[in-house]
Amino acid sequence: MNMDSIVSLCKRRGFLFQSSEIYGGLQGFWDYGPLGVELKRNVKEAWWSDMVNGHDDMSTLSGAPSPYSMEGLDCTIIMHPQVWKCSGHYDLFHDHMVDCRETKKRYRYDQINGRWVEAKGRTIFVTAPAGEDEQEHLTKQALKFFKLRNKHIDDLKWEGPVVCLTTLENFDEVLGPDAKSLGSLTEPREFNLMFKTFVGALSGEEGAAFLRPETAQGIFVNFKNVLDSTRHRLPLGIAQIGKSFRNEITPRNFTFRSREFEQMEIEFFCHPDQSQDWYRYWRDRRLKWYHDLGISGDNLIMREHHQNELAHYSVGTADIEYAFPFMSEGEYGELEGVSHRGDFDLRSHMEGKLDEKSTDLALQLGADGKPKWKGSGKDLSYRDDLTNEKYVPHVIEPSAGADRAALAFLCEAYTEDEQPDEKGKMQTRTVMKLHPRLAPIKAAIFPLVKKDGMPEIAKEVYLDLKKHFKVFYDEKGAVGRRYRRQDEAGTPYCITVDGQTLEDQTVTIRDRDSLEQTRIKIDECESVIRNRIRQ
RNA sequence: GCGGGUGUAGCUCAAUGGCAGAGCUCCAGCCUUCCAAGCUGGUGGUGAGGGUUCGAUUCCCUUCACCCGCUCCA
């Protein structure tokens, strides 16, 4: 299977278009067409229904330590700038970069270290990426620049310690980490992975704000509000679906890495002692969700992060990954991350930005010894009114990409098989085998031929079914062609009015995948479709 | 960000420094009683901007987008 055929079908049938296509498109932005919007709505509605509104909060679900509650939330895209400073996104996504004019490489300004060195009567500042073998790299660069051999290593006279590039004011005597000539590094330039905007009519730094790079923070800052307004006890999950924005450096692979995308996130708040069990529960539950909606086990994997990949406060993080056709053999792309986040986020919004690298999650301090970013100062801890215990809840975060899920379902559904035409000759058929719950159109209604009163009956059936499902009416051309068109759109059922309908009020219903037709009464159409979708 | 490739109709692909063509699709009509049938007719295109030229889709420059590899990123 190749990705080009899928992209081509998406365009042809109206699943996905390039954004602003008539102006040449815009990198990293995609529009959903008439079929795509239905598919994506169905993905989101399946998630919301399965995770939130349809959640059984009375029972202990399989694999869960106890019953739990679920609530929803819909927060703004632009939030108080301090949210992103305390969450760590501001520091992480807001870098100063220097480019090398000679090698065209780009480096993070604060991650280049260097040292003054003198040889042959000349003093220069050699640099290297910050890291363990930086001195080795510096020596190599210096030898190369001064055209010295290894045995003349003692001719290099180092002056002062290794310091960060940020301590220099002028780069004229600086040798870039991979450069051969001096002064090739540009001035540091602001590089923003968060989209910046301005609140208020006057644009000045005081009104600077950011489009959210994730929906999660809206849930953390509203945790207390949800708790107070709903009177829930923990464990409690809060769900949100919404747009997020990241100024990705290299958007690629169709909609997989977009700059504007939609997330489906749950922050699940629980007692620290139970957090490991809840982590395992959510990991397994979320994997099963994709399976149940038709993604086969072969193409879906759970990848547990190694201990050394984890932030130290995290007990575990697992990615649910799909073998997208545009990835090479054995490679997978992330659909969802399920992580154990401890009390990191709530505490950050209470106390201020925490230092992830410190073992006790200490407050991160600025150069002046004061907290780098001040928290809200609000108490976000939870008091259990049964045990009277007070604690900052731990959080399990299943964070899914709606666009990535939609793309995975599209890729998984794309099938080419062989079916006989009217002369019995085998023909290639392209069919989108989407799960009926996800299919944009649930059923198409056709008159077998455009005469003998068949269109009139078919239109009645159509209008009646339209009250319950997204359905489609078509009377143009041969019926075989109409079936094939629906196959490409992923429509699971086709209802056909034929000669016998005129006599006994029955129609045929055709199954997309098996091509089998069964005869049912017109009155039964709605319930038959409803039952089949539910299965 | 770097290197390479591509950009012609809705799709797949031709051609040319001098009228841009085919198949499929799509639309209309006829015909048609179950899986892309047939007949007739029709719609529709050189990614954008600039330059060279009498004339550019073709040559040159810039730009945008997509694909591959690297880089980056979660």
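Proteins get letters first, then strands, A, B, ... in listed order; numbering begins at 1 in each. Any value given below was found using the heavy atoms of this structure, including those in side chains, with hydrogens, waters and symmetry copies removed. Predicted model, so just to flag it, every value in this text is computed and none were measured.
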Anything under 30° is parallel, anything over 60° is perpendicular, the rest tilted; go ahead and classify A:Y462 against A:Y473.
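If you compare the ring of A:Y462 with that of A:Y473, the planes turn out tilted.
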
Can you say whether the rings of A:F268 and A:W278 are parallel (under 30°), tilted (30 to 60°) or perpendicular (over 60°)?
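A:F268 vs A:W278 ring planes: tilted.
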
The side chain of [X] is closest to which nucleotide in this list: [options]?
{"X": "A:E334", "options": "B:rC73, B:rA74, B:rC26", "value": "B:rA74"}
{"X": "A:R484", "options": "B:rC66, B:rC68, B:rA36", "value": "B:rA36"}
{"X": "A:Q517", "options": "B:rA28, B:rC73, B:rC35", "value": "B:rC35"}
{"X": "A:E488", "options": "B:rU33, B:rC35, B:rA36", "value": "B:rA36"}
{"X": "A:R12", "options": "B:rG10, B:rC2, B:rC34", "value": "B:rG10"}
{"X": "A:K451", "options": "B:rC11, B:rA74, B:rU32", "value": "B:rU32"}
{"X": "A:R252", "options": "B:rC34, B:rC26, B:rC2", "value": "B:rC2"}

A:Y23 (side chain) and B:rC64 (base): donor-acceptor pair under 3.5 Å:
no

With distance as the sole criterion, do the side chain of A:E248 and the base of B:rC73 form a donor-acceptor contact below 3.5 Å?
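A donor-acceptor contact between them is absent.
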
Distance in angstrom units between [X] [atom1] and [N] [atom2], rounded:
{"X": "A:R259", "N": "B:rC72", "atom1": "CZ", "atom2": "P", "result": "18 Å"}
{"X": "A:E331", "N": "B:rA74", "atom1": "CD", "atom2": "P", "result": "18 Å"}
{"X": "A:L26", "N": "B:rC64", "atom1": "CG", "atom2": "C1'", "result": "10 Å"}
{"X": "A:F326", "N": "B:rC66", "atom1": "CZ", "atom2": "P", "result": "14 Å"}
{"X": "A:D319", "N": "B:rC73", "atom1": "CG", "atom2": "P", "result": "16 Å"}
{"X": "A:R429", "N": "B:rA37", "atom1": "CZ", "atom2": "C1'", "result": "18 Å"}
{"X": "A:D4", "N": "B:rU12", "atom1": "CG", "atom2": "P", "result": "8 Å"}
{"X": "A:D474", "N": "B:rC35", "atom1": "CG", "atom2": "P", "result": "16 Å"}

Pair assignment for [N], Watson-Crick or G-U wobble, requiring both distances under 3.5 Å:
{"N": "B:rG23", "value": "B:rC11"}
{"N": "B:rU16", "value": "none"}
{"N": "B:rC34", "value": "none"}
{"N": "B:rA56", "value": "none"}
{"N": "B:rU40", "value": "B:rA28"}
{"N": "B:rG69", "value": "B:rC2"}

Across the strands shown, which category fits [X] at heavy-atom distances under 4.0 angstrom: base, sugar-phosphate, nothing?
{"X": "A:L515", "result": "base"}
{"X": "A:R482", "result": "nothing"}
{"X": "A:F446", "result": "nothing"}
{"X": "A:R510", "result": "base"}
{"X": "A:K450", "result": "base"}
{"X": "A:Q18", "result": "sugar-phosphate"}
{"X": "A:T496", "result": "base"}

[N] to [M] separation - [atom1] atoms, rounded to the nearest Å:
{"N": "B:rC54", "M": "B:rU12", "atom1": "C1'", "answer": "37 Å"}
{"N": "B:rC67", "M": "B:rC24", "atom1": "P", "answer": "30 Å"}
{"N": "B:rU8", "M": "B:rA14", "atom1": "P", "answer": "11 Å"}
{"N": "B:rA37", "M": "B:rA28", "atom1": "P", "answer": "16 Å"}
{"N": "B:rU63", "M": "B:rU6", "atom1": "C1'", "answer": "16 Å"}
{"N": "B:rG55", "M": "B:rG51", "atom1": "C1'", "answer": "15 Å"}
{"N": "B:rU43", "M": "B:rA36", "atom1": "P", "answer": "28 Å"}
{"N": "B:rG44", "M": "B:rA22", "atom1": "P", "answer": "14 Å"}

Would you check if the side chain of A:Y322 reaches a backbone N or O of A:R404 as a donor-acceptor pair within less than 3.5 Å?
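Flag not set: sc A:Y322 to bb A:R404 has no pair under 3.5 Å.
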
I want to check one thing: is the phosphate of B:rC26, taken as OP1 and OP2, less than 4.0 Å away from some side-chain N or O of A:R481?
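For A:R481, the contact criterion (side-chain N or O under 4.0 Å from OP1 or OP2 of B:rC26) is met.
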
Taking only N and O in the side chain of A:Q27, is any of them less than 4.0 Å away from OP1 or OP2 of B:rC64?
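Negative; the distance criterion is not met.
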
5'-most by nearest nucleotide on RNA chain B - A:D498 or A:R303
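So the residue in question is A:D498.
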
Closest-nucleotide mapping onto RNA chain B: is A:E516 or A:H305 further toward the 5' terminus? I mean the 5' end.
A:E516

Are there more than 12 heavy atoms of other residues, nucleotides or ligands under 6.0 Å from atom CD of A:E516?
no

With a sphere of 6.0 Å drawn around NZ of A:K470, does it hold more than 12 non-hydrogen atoms of other residues, nucleotides or ligands?
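At most 12 heavy atoms, drawn from other residues, nucleotides or ligands, come within 6.0 Å of this atom.
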
Let's go through A:D403 and A:Y32 carefully: what are the C-alpha distance in whole Å and the side-chain angles of both, what is the deciding distance for side chain to side chain contact (heavy atoms under 4.5 Å, CB included) to 0.1 Å, and is it a yes or a no?
CA-CA 10 Å; A:D403 307 272; A:Y32 285 81; 2.7 Å; yes

Check each of A:R429, A:R13, A:R512 against A:D487 using the salt bridge (Lys or Arg N to Asp or Glu O under 4.0 Å) test, and report the only one that passes.
A:R429

Can you confirm if the NZ or CZ of A:K85 lies within 45° of the ring axis of A:Y90 and under 6.0 Å from the centre of its six-membered ring?
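Output yes; distance and angle both within limits.
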
Please confirm whether A:R286 makes a cation-pi placement over A:W289, using NZ or CZ under 6.0 Å from the six-membered ring centre and within 45° of the ring normal.
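Yes, A:R286 sits over the ring of A:W289.
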
